[in-house]
Amino acid sequence: MRNVNQDNLTEVFLGYLGDDVNPRLREVMGSLVTHLHAFAKDVNLTHDEWEQGISFLERTGEISDANRHEFVLLSDVLGLSSLVDMINSRSEGTSSSVLGPFHISGAPALEIGGDMKGDFPGPVLVAEGVVKDVQGNPIEGATVDIWQTAPNGLYSSQDPEQDTYSFHGLQTTGADGRYAFTSVKPVEYTVPTDGPVGDILNACGRHPWRPSHLHFIVKADGYRSLVTEVFPDDDPYLDQDTVFGVREDLVMHYEPMAAGTFPEGFALSGQVDEEYIRIQFDLTLVSG
Ligand code: BEZ
Ligand code: FE
């Protein structure tokens, strides 16, 4: 086609797709490019603006490496990660939420009742719950991959002062489906703002804060894997998470516990004399 113009360009593009192209790729690429063309026309995109867009994407690539996932962050702050989550989630189980750019695989095994706090300062958190199916039956042999920030608001992969796997642990449930660990009370933190995504947040007059949370990836044979996070009900950023991760069923309550009441069955049992906080949060998997 040589007489390409504003009105037929999208159609011409669609016509260039090969006859034997994978049908799903045809659907996804076709729709993506159709929307891109419509967007450019809608805003009358100028050369300068599109150059800025290209330069933004180049900087996003340049700053990315094995530990810095700027494109994931971009998808998160645009709400696309959460939208994909919502499109693919099932209503019966615990809601999924964003994975974020800071998960690292290979977390060390953490015994049931094990401790992730170590010598870090801050209030002791006792967290426990049951991995169960939608009928409420406990799931044996489920793995619960847990991670959170240190009290300075940084994940270990962002912080040279931390060990690789600090505040990361992998628990495997027994017949009662229970996971249980101690840690430090999570803090709210900002997503990284020293790169192009930070520039976009700033230019759009948006703050970079996330409410405090604990991350979980729960896997069990015969069930859909669950990537999620839980948030305390008193967090100031609960209603303004910059990556849109909060869901009603992921909000939990910290029970303030008096000194001298620390429970048995934890690595820290007998060692905590002060006040602490406790949460109980069950994780429900959908079969599939
Ligand atoms: C996180 O919770 O680790 C996270 C999620 C999205 C963007 C940045 C961080
Ligand atoms: Fe996080």
Side-chain angles (χ1 to χ4, degrees), residues 56 59-61 63-86 88-89 94-107 116-117 120 122 125 127 144-159 162 164-170 181 183-202 204 206-218 225-247 249-252 254 279 281 283:
F56 169 81
R59 286 190 295 129
T60 303
I63 201 172
S64 299
D65 62 22
N67 288 323
R68 176 82 187 232
H69 303 285
E70 196 77 357
F71 279 107
V72 177
L73 188 58
L74 177 60
S75 159
D76 294 340
V77 303
L78 294 181
L80 188 56
S81 305
S82 281
L83 186 57
V84 172
D85 259 357
M86 291 164 191
N88 289 281
S89 76
T94 299
S95 294
S96 57
S97 186
V98 288
L99 172 68
F102 299 116
H103 175 254
I104 48 175
S105 48
M116 299 202 304
K117 180 173 185 292
F120 282 84
L125 168 72
V144 185
D145 194 347
I146 306 150
W147 74 105
Q148 69 170 91
T149 57
N152 63 1
L154 295 175
Y155 287 95
S156 59
S157 61
Q158 298 174 283
D159 184 1
Q162 291 182 54
T164 309
Y165 287 112
S166 83
F167 293 103
H168 289 74
L170 186 71
F181 60 93
S183 188
V184 69
K185 183 184 179 189
V187 293
E188 56 266 32
Y189 64 84
T190 65
V191 302
T193 54
D194 57 342
V197 172
D199 294 346
I200 284 276
L201 287 175
N202 199 24
C204 293
R206 284 179 55 184
H207 73 69
W209 288 92
R210 293 217 65 203
S212 56
H213 53 270
L214 290 166
H215 288 275
F216 298 102
I217 298 178
V218 193
S225 297
L226 173 68
V227 178
T228 195
E229 46 185 348
V230 297
F231 307 85
D233 56 8
D234 61 353
D235 194 287
Y237 292 101
L238 203 59
D239 292 311
Q240 39 179 319
D241 180 6
T242 201
V243 301
F244 313 95
V246 182
R247 315 276 175 269
D249 67 310
L250 301 180
V251 178
M252 45 85 179
Y254 288 139
I279 59 159
F281 191 86
L283 296 156

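First listed ligand is number 1; within each ligand, the first listed atom is number 1.
In this structure the side chain of Ile217 never reaches within 4.5 angstrom of the side chain of Leu226, judged on heavy atoms. Val251 places a side-chain heavy atom less than 4.5 Å from the side chain of Val246. Counting heavy atoms from C-beta on, the side chains of Asp199 and Arg59 come closer than 4.5 Å.
Residues forming a side chain to side chain contact (heavy atoms under 4.5 Å, CB included) with Asp239 (at least two apart in sequence, or on another chain): none.
Look at Glu229 and Arg210 and you find a salt bridge, because one of the NZ, NE, NH1 or NH2 atoms lies within 4.0 Å of a carboxylate O, short of that distance.
Screening Val230, Leu250, Val227 for a side-chain contact (heavy atoms from CB on, under 4.5 Å) involving Phe216 leaves a single residue, Val230.
Ring centers of Tyr155 and His103: at least 6.0 Å apart, outside the cut-off. Phe120 has its ring centre less than 6.0 Å from the ring centre of Phe167.
Around ligand 1 you find Leu73, Asp76, Gly100, Pro101, Phe102, Tyr155, Tyr189, Val191, Arg210, His213, His215, Glu229, Val243, each with a heavy-atom distance below 4.0 Å.
Note on the Fe ion (ligand 2): protein N, O or S atoms under 2.8 Å away count 4, no waters included.
Residue pairs meeting the salt bridge (Lys or Arg N to Asp or Glu O under 4.0 Å) criterion with at least one member in residues 69-82, sequence neighbours excluded, are Arg68-Glu70.
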